[in-house]
Amino acid sequence: MTNSADRQKSKTGSVNKYTWIPVALVLIPALATLGSLSWTTSILLGAPLAMISLFIPIDAAYICRFAPLGKAQMWRIILTHLAAAQVLSLLWMLVAGPFSRALAYIPQLHGIDKQFAPDRWIVYLTGCLFYVFSVAYHYVAMAQDAARAVEMQVMQTSVLARDAELRALRAQINPHFLFNSLNSISALTSIDGARAREMCLLLADFLRLTLGMGEKTVIPFSEELDLLEKFMAIEKVRFGARLRMEEKIDDRAKRCIIPALLLQPLLENAVSHGIASMEDGGMIRLEASVRDGRLAISVENDRDEEAPVRKRNGVGLKNVRNRLEARYGKEATFRADADEDKFRVSMSLPAEFASEESMATESASASAAHAETAKAEIAAAKSGEPK
């Protein structure tokens, strides 16, 4: 915002180098028709004088900036511009006298100064009119700049509000998932301590991976798949062979970037409200493809329509829908459908691609760090040593 204002100030006082042409088109005919000069002498005298008149719009621009409309009393603004018009027009007329005398030294233009002397009022009047049009132009330009500045401020405020909303929505994910995981660990401690301990290690690795993202709002789809793998490893400790997953991801889809932790709430919803209620378990199917510049993602899970309905707090699906709306607006679609034995969530959003070099670098460094940490923790847990 500051840079834009500085750029506008730096432009103040600058005029187009062809501004003198309309002045010449007014001054030359006026000298030839209202005065006593011929058309040839009017052109030879009027064209250079029109070029000299460029100092009038330059001064008018600075005066308009220091006497803006709406910030000073109108009568003071009018008096300021009346005085400025008189002074600048008189200066232009005074310059015209010596200039005409200089032209008189040319043999073909001898006597032009005496012919022009009674017509100097034409230069003065043209200068006043030129100043008035310059003032009107600069005030209009200042109003347009102010409107653009307000529009830019509104856009920046909207972007900041959207980013704040996205951060707030993302902040809901980990606490919600952590609460559910800790409840599962608590239940496992009295049944199977080893599985509870394994789940603690997997949960720590998952949380470390999500916290390592920092303030990144978007991540490559391939990185999201790594998060989902960690999440499913945690859930498989609880459900074992009852929980199965099938993935069908296009290579182009893996290069797309999506909001971080966009799919984890959907899988958590599929596990908690679908697979968990089925005695024999079921399958979760994740599909993603890119077509016509859009990324299509679907998450489908088996369900038992006759199973008791579990209490829902609405965090998962609502969170994903709100995040899509906050980031993509109407360009993204979200739909949830349920039938007798399936529940399906499908979404479509603009396909944005990350560069392969940045993906490879981030993926390699992150994978190495997490692999080393996880390996050390698992080894320490198996040997009974504290971390």
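Owing to the predicted nature of the structure, the values given are computational and were not obtained by experimental measurement. Throughout, residue positions are numbered sequentially from 1 according to the sequence presented.
- Contact detail for Phe231 and Glu268: the closest heavy-atom pair is CZ-CA, 3.5 Å.
- Between Asp302 and Lys342 there is a salt bridge, with a side-chain nitrogen of the basic residue lying less than 4.0 Å from a carboxylate oxygen of the acidic one.
- The two atoms that bring Trp20 and Ala50 nearest to each other are CB-O, 3.2 Å, heavy atoms only.
- Classification of the Tyr139-His81 ring pair by plane angle, with boundaries at 30° and 60°, yields perpendicular.
- Side-chain atoms of Gln264 do not come within 3.5 Å of backbone N or O of Leu227 as any donor-acceptor pair.
- Here Ser298 contributes atom OG and Arg335 contributes atom CZ; the two are 12.5 Å apart, rounded to the nearest 0.5 Å.
- Gln73 is not listed as a side-chain neighbour of Leu79, based on a closest heavy-atom distance of 4.5 Å or more.
- Residue-environment remark: CD (Gln86) exceeds the threshold of 12 foreign heavy atoms within 6.0 Å.
- For Ser36 (side chain) and Gln115 (main-chain N/O), a donor-acceptor pair under 3.5 Å exists by modelled atom type.
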Quiz prompt | CA sep, side-chain torsions, deciding dist, call: Leu27, Phe130, side-chain contact (heavy atoms from CB on, under 4.5 Å) | solution = CA-CA 10 Å; Leu27 181 60; Phe130 188 31; over 6 Å; no
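- In plain terms, the two heavy atoms of Pro259 and Tyr328 that are nearest each other are CD-OH, 3.6 Å.
- Other residues, nucleotides and ligands contribute only 12 or fewer heavy atoms inside 6.0 Å of the OH atom of Tyr137.
- There is a path of hydrophobic side-chain contacts, each under 4.5 Å, that joins Phe334 to Leu286.
- Trp92 contributes a side-chain N or O that, together with a main-chain N or O of Leu49, makes up a donor-acceptor pair within less than 3.5 Å.
- Linking Ile, Leu, Val, Met, Phe, Trp and Tyr residues whenever their side-chain heavy atoms come within less than 4.5 Å leaves Leu103 and Ile43 in two separate clusters.
- Side-chain atoms of Arg195 come within 3.5 Å of backbone N or O of Val237 as a donor-acceptor pair.
- When the side chains of ILVMFWY residues are joined at heavy-atom separations under 4.5 Å, either directly or via intervening members, Val87 and Phe66 end up in two distinct hydrophobic clusters.
- With rounding to the nearest 0.5 Å, the separation of CG in Asp226 from CD1 in Ile219 is 8.5 Å.
- Side-chain atoms of Glu300 do not come within 3.5 Å of backbone N or O of Phe343 as any donor-acceptor pair.
- Across all their heavy atoms, Val271 and Glu235 have their closest contact at CG1-OE1, 3.7 Å.
- Annotation: side chain of Ile77 is in contact with side chain of Leu69 (closest heavy-atom distance under 4.5 Å).
- By the 4.5 Å heavy-atom criterion applied to side chains, Met51 and Val23 are not counted as neighbours.
- For the atom pair CD1 of Ile28 and OG1 of Thr40, the computed distance is 11.0 Å after rounding to the nearest 0.5 Å.
- If you chain together hydrophobic residues whose side chains sit under 4.5 Å apart, Leu125 and Val123 fall into the same group.
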Quiz item: Step by step, would you call Val320 with Met347 a side-chain contact (heavy atoms from CB on, under 4.5 Å)?
Solution: CA-CA 10 Å; Val320 175; Met347 66 185 82; 4.0 Å; yes
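- Formation of a donor-acceptor pair under 3.5 Å by the Ser272 side chain with backbone atoms of Asn269 is not found in this model.
- Ala196 and Ile185 get closest at one heavy-atom pair: CB-O, 4.1 Å.
- Cluster annotation: Ile106 and Ile52 are assigned to the same hydrophobic cluster (Ile/Leu/Val/Met/Phe/Trp/Tyr, side-chain heavy-atom contacts under 4.5 Å, transitive).
- Taking 4.5 Å as the limit, some side-chain heavy atom of Trp39 sits within range of a side-chain heavy atom of Thr33.
- Between the side chain of Arg242 and the backbone N or O of Met278 there is at least one donor-acceptor pair closer than 3.5 Å.
- Of the possible donor and acceptor atoms, one in the side chain of Arg294 sits under 3.5 Å from a partner among the backbone N and O of Glu331.
- Using a 4.5 Å heavy-atom cutoff, the side chains of Asp59 and Tyr131 are not in contact.
- Within the 4.5 Å cutoff, the side chain of Val95 has no heavy atoms near those of the Phe55 side chain.
- A donor-acceptor contact shorter than 3.5 Å is absent between the side chain of His138 and the backbone of Tyr62.
- Within the 4.5 Å cutoff, the side chain of Phe99 has heavy atoms near those of the Leu45 side chain.
- Counting only heavy atoms from C-beta outward, the side chains of Leu266 and Leu317 approach each other to under 4.5 Å.
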Practice problem: Could you walk me through whether Leu295 and Phe221 pass the side-chain contact (heavy atoms from CB on, under 4.5 Å) test, one step at a time? | Solution: CA-CA 10 Å; Leu295 173 62; Phe221 198 106; 4.2 Å; yes
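- In terms of heavy-atom proximity, Phe116 sits nearest to Gly97 at CE2-N, 4.5 Å.
- Rounding to the nearest 0.5 angstrom, the gap separating the CD1 atom in Ile234 from the CG atom in Leu202 is 5.5 Å.
- Within the model, atoms CD1 of Ile297 and OG of Ser346 stand 10.5 Å from one another, a figure rounded to the nearest 0.5 Å.
- Remark: Asp337 CG to Arg344 CZ distance equals 8.5 Å, nearest 0.5 Å.
- Panel note: side chain Arg323, backbone Ala260; a donor-acceptor pair is recorded below 3.5 Å.
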Practice problem: Evaluate the criterion side-chain contact (heavy atoms from CB on, under 4.5 Å) for residue pair Leu34 and Asp119; output intermediate values, then yes/no. | Solution: CA-CA 8 Å; Leu34 300 178; Asp119 300 332; over 6 Å; no
